Amino acid sequence: MNVTLNMGIGIVPIITNALAYAGIAYFAYKQYQKQALKPSVWKMIIVMLVGLFSFSFDWSMSNTMLRFAILPLGVWLIFLVCRGNKHRWQKYRSFAWLGFGANYLLLAATLLSIPLQNVLYPTDKLSTHIAKVNNASIIRLHPSAEEVSLNVESLKEQLSSMQEAQLKSDELYVKIVLESDQNNRQEQFPYLLIGTDSKWGSGLSTVIYVEMDGKGIITSTHDKQLYYRFEKSLLQEGISDG
Amino acid sequence: MDRKKWKITTTVVIAIAVLFSAYWIISAKPGAFHDATQLIDKINDVFPQAQAKVIQDTIKLDDKHIVVPFISENDDYGLSYWVWKHYSWKLVYVSTRGLPELWKLGNDPSTYHIVWNLHPDSNVDSLHFYMERHRGYRVSRGIEHYYYPKIQLDEAVSLEGKTYGSMKLWDDWSATIRELTNNQIKKPISFEDKSLAFQNIIISFMYYDRTGEHSTLMKSYSGRSYYNGKIDTEFLFFTEKARLESIEDNYIQVHHSSR
C-alpha cells in the first residue's frame with residue numbers, strides 16, 4: 001500500500017478533474033432551478049450518470065489519453081425508458097444531455113491539465129525528478145559494478161549544480177557491444193538510484209541510473225531521458241548495511 | 001406481538017449473522033495444514049495424473065501460502081501449491097515438472113518466491129538465478145536519445161542435498177522490479193500487465209552439479225501440470241554461461257535455501 005500511494009497520480013489531474021465535477025454540479029443546479037417540472041434529485045443524479053455513458057474513441061496525445069464521446073448511448077437509453085411518457089422525458093431530458101456533456105467537461109479538464117503539469121513540473125528540470133534524497137541508496141545492476149554505496153551528502157550538495165549533457169545512446173550502445181565480447185562486457189550505467197522522491201504532487205516516477213564513475217546520472221521517465229554530469233562522484237567505497 | 005415487528009427483528013438478526021459469518025470466514029487465521037496422507041489424497045483427487053506417492057516436506061512461504069514438494073509413482077519430482085482461502089487450504093496448482101517457477105503471492109514484487117524440486121539424477125548442487133534486461137537504445141526525431149542500461153543481477157542458492165527449496169526474491173531484485181514497473185506508462189483502463197516480460201525483465205536459471213561443472217544437459221523434465229484455481233506463476237528460462245555478461249564464478253555469493 002505504501003508503495004502505490006506516491007506513484008502515478010499527480011495533484012494536477014486531481015485538481016482539474018475536481019474543477020470539471022464542480023462545473024457539472026453547477027450546471028445541474030442551474031438547470032434544476034430553471035426547470036418548472038422538478039425531478040427528484042436522486043433520479044436526476046442517476047439519469048446524469050447514465051447519460052455519461054457513450055460510444056467514444058480514445059486518442060492518445062503525448063502520453064495522455066483523450067476520450068471523445070460521439071454517440072450518446074446513455075441519452076438514448078433514458079429516452080427508451082421514458083418512451084410513452086412525455087412528461088417524464090421532459091423532466092429528465094436536459095439532465096441526460098448534461099450527463100453526455102460531462103464527457104466534454106472531463107475532456108477539457110484533461111486538456112487543461114497538460115499545460116498546467118508542464119508549467120508546475122517541467123520534466124526538463126532535475127529538481128522535478130529528484131526533490132528528496134534522504135532515503136536514497138543504490139542497487140548494483142550489473143556484475144561490472146564496483147562494491148560501492150551511495151554518498152548521500154555528495155548527491156545533496158551537487159543537485160543544484162548538475163549540468164545537462166548530451167548522451168548519444170546509439171554510439172554508447174555500439175561502443176559497449178563492439179568493444180568487448182559478451183563475457184567481459186562492462187556497463188556504463190551499472191547502478192540504480194532508489195529511494196528518491198520526485199517533486200511533491202508531480203505524480204512522476206523517474207528511474208535514475210548512475211554512471212560507472214559516479215559522476216553522471218540518467219533520469220528516465222517512460223518517454224524522456226535526461227543526462228547530467230557533475231564534478232564529484234556520488235559513490236563511496238564499501239557496501240553500506242542500510 | 002405483532003407480526004411486522006417479528007419480521008423485522010428476524011431479518012435484522014439473520015442479516016447480522018450472515019455478515020458476521022462472512023467476516024469470520026474471510027478474516028479467519030489460517031488453520032492447521034493437512035498431514036501427508038491427506039495431502040496425497042487431495043493432490044490425486046484434484047489431479048489424478050500427478051500420481052503423488054511421497055510428500056517430501058511442506059514449505060510455508062507466508063501465512064497463507066504453502067508449497068508441498070512430492071514424488072510421484074513414476075519418479076517425477078513435483079510441486080503442489082496451496083493457498084488459504086475461504087476458511088480452508090486450497091490446492092491451486094500441481095506440477096510434476098519441478099523446474100524453478102516464480103510464484104507471485106501478491107502484487108508487490110517482495111512477495112515473489114522462486115520454488116523448485118529437481119530430480120536427484122540431475123545431481124544439482126547449486127542453482128544460479130539471473131535477472132536480466134537487455135541493453136538497448138532508441139533515438140527519436142534524430143535528437144531524443146533513450147538508453148536502456150543492461151541489467152544483470154546474479155544470485156545463487158545451495159541445495160544442501162535437498163531436491164526442493166524456495167527462495168524469496170532478493171531485496172535488490174524486488175526493488176528493481178518495483179522501480180521499473182512504476183516507471184511504465186499508465187493505462188487509462190485499469191488493465192495492468194504484471195508479467196515480467198512486460199517490463200522486458202527475464203528471470204532465468206542454470207545449475208552446477210556436484211563436480212562443479214555447470215550443466216546444460218538436464219534430465220528431461222516433461223511433466224504435467226494442472227491449475228485448480230487462481231494463481232500467478234511464471235516459468236524461469238534456462239540460461240547458460242555464454243549468454244551472460246562479465247561473469248566470474250567468484251562473483252556469485254551462494255545463499256542457503258530458506259529451508
Side-chain angles (χ1 to χ4, degrees), chain A residues 1-4 6-9 58 60 63-67 137-145 166-174 176-177 180-195 203-212 218 220-227, chain B residues 106-111 130-155 170-190 192 199 201 240-253:
Chain A
M1 196 173 75
N2 50 344
V3 189
T4 45
N6 65 351
M7 64 175 238
I9 298 172
D58 293 340
S60 121
N63 307 305
T64 312
M65 196 59 93
L66 300 178
R67 171 158 291 171
S137 60
I138 53 159
I139 291 176
R140 298 179 297 145
L141 288 180
H142 194 266
S144 62
Q166 170 78 269
L167 180 76
K168 297 240 186 264
S169 62
D170 46 352
E171 286 170 19
L172 176 60
Y173 177 88
V174 170
I176 293 174
V177 172
S180 52
D181 58 325
Q182 185 99 359
N183 291 129
N184 297 309
R185 221 162 261 170
Q186 308 271 309
E187 175 50 56
Q188 184 76 19
F189 294 89
Y191 308 98
L192 184 67
L193 181 63
I194 62 163
L204 282 172
S205 43
T206 309
V207 171
I208 300 155
Y209 301 102
V210 181
E211 202 161 358
M212 196 196 283
I218 295 178
S220 170
T221 55
H222 54 78
D223 62 336
K224 199 177 168 113
Q225 270 189 346
L226 294 167
Y227 177 47
Chain B
N107 281 329
D108 192 80
S110 63
T111 65
Y130 304 92
M131 184 168 90
E132 293 173 77
R133 188 187 65 184
H134 292 306
R135 183 179 288 108
Y137 70 91
R138 192 174 78 204
V139 185
S140 48
R141 283 176 257 166
I143 42 161
E144 285 183 18
H145 284 263
Y146 207 100
Y147 175 68
Y148 303 85
K150 168 79 181 182
I151 295 176
Q152 182 186 307
L153 296 162
D154 315 51
E155 296 286 353
W170 296 271
D171 289 346
D172 281 1
W173 291 35
S174 48
T176 304
I177 295 174
R178 200 180 296 125
E179 197 76 7
L180 297 180
T181 313
N182 289 357
N183 197 33
Q184 285 293 322
I185 181 163
K186 296 291 175 299
K187 291 277 180 306
I189 310 154
S190 66
E192 249 183 272
Q199 321 296 339
I201 294 171
E240 50 195 356
K241 243 179 158 176
R243 286 197 52 253
L244 300 163
E245 292 198 352
S246 62
I247 189 84
E248 293 161 40
D249 287 339
N250 59 6
Y251 173 79
I252 302 171
Q253 242 187 316

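Quick note on labels: first sequence line is chain A, next is B, and so on, each numbered from 1. If you're wondering where the values come from, they're calculated on a predicted model, not measured in any experiment.
Here the shortest heavy-atom pairing between L141(A) and L153(B) reads CA-CD2, 3.8 Å. Across R138(B) and S169(A), no two heavy atoms sit closer than the pair O-OG, 3.5 Å. Listed here is the closest heavy atom pair of F189(A) and P149(B): O-CB, 3.5 Å. Contact between P143(A) and E245(B) at its shortest, heavy atoms only, is CG-O, 3.5 Å.
The candidate from M131(B), R133(B), H145(B) with the greatest count of non-hydrogen atom pairs under 4.5 Å with chain A is H145(B).
For the atom pair CG of L180(B) and CG of L192(A), the computed distance is 6.5 Å after rounding to the nearest 0.5 Å. In this structure, OH on Y137(B) lies 10.5 Å from CD on E171(A), to the nearest 0.5 angstrom. Atom CD1 in I139(A) sits 9.5 Å away from atom CD1 in I151(B) (nearest 0.5 Å).
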From CA spacing to verdict: side chain to side chain contact (heavy atoms under 4.5 Å, CB included), H142(A), R135(B):
CA-CA 11 Å; H142(A) 194 266; R135(B) 183 179 288 108; 4.3 Å; yes
From CA spacing to verdict: side chain to side chain contact (heavy atoms under 4.5 Å, CB included), S220(A), Y146(B)
CA-CA 8 Å; S220(A) 170; Y146(B) 207 100; 3.0 Å; yes
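With a threshold of 4.5 angstrom between heavy atoms, I138(A) does not approach chain B through any atom at all.
Within the 4.5 Å cutoff, the side chain of Y147(B) has heavy atoms near those of the I176(A) side chain.
Formation of a donor-acceptor pair under 3.5 Å by the N183(A) side chain with backbone atoms of L244(B) is found in this model.
Within 6.0 Å of CG on D171(B) lie no more than 12 heavy atoms contributed by other residues, nucleotides or ligands.
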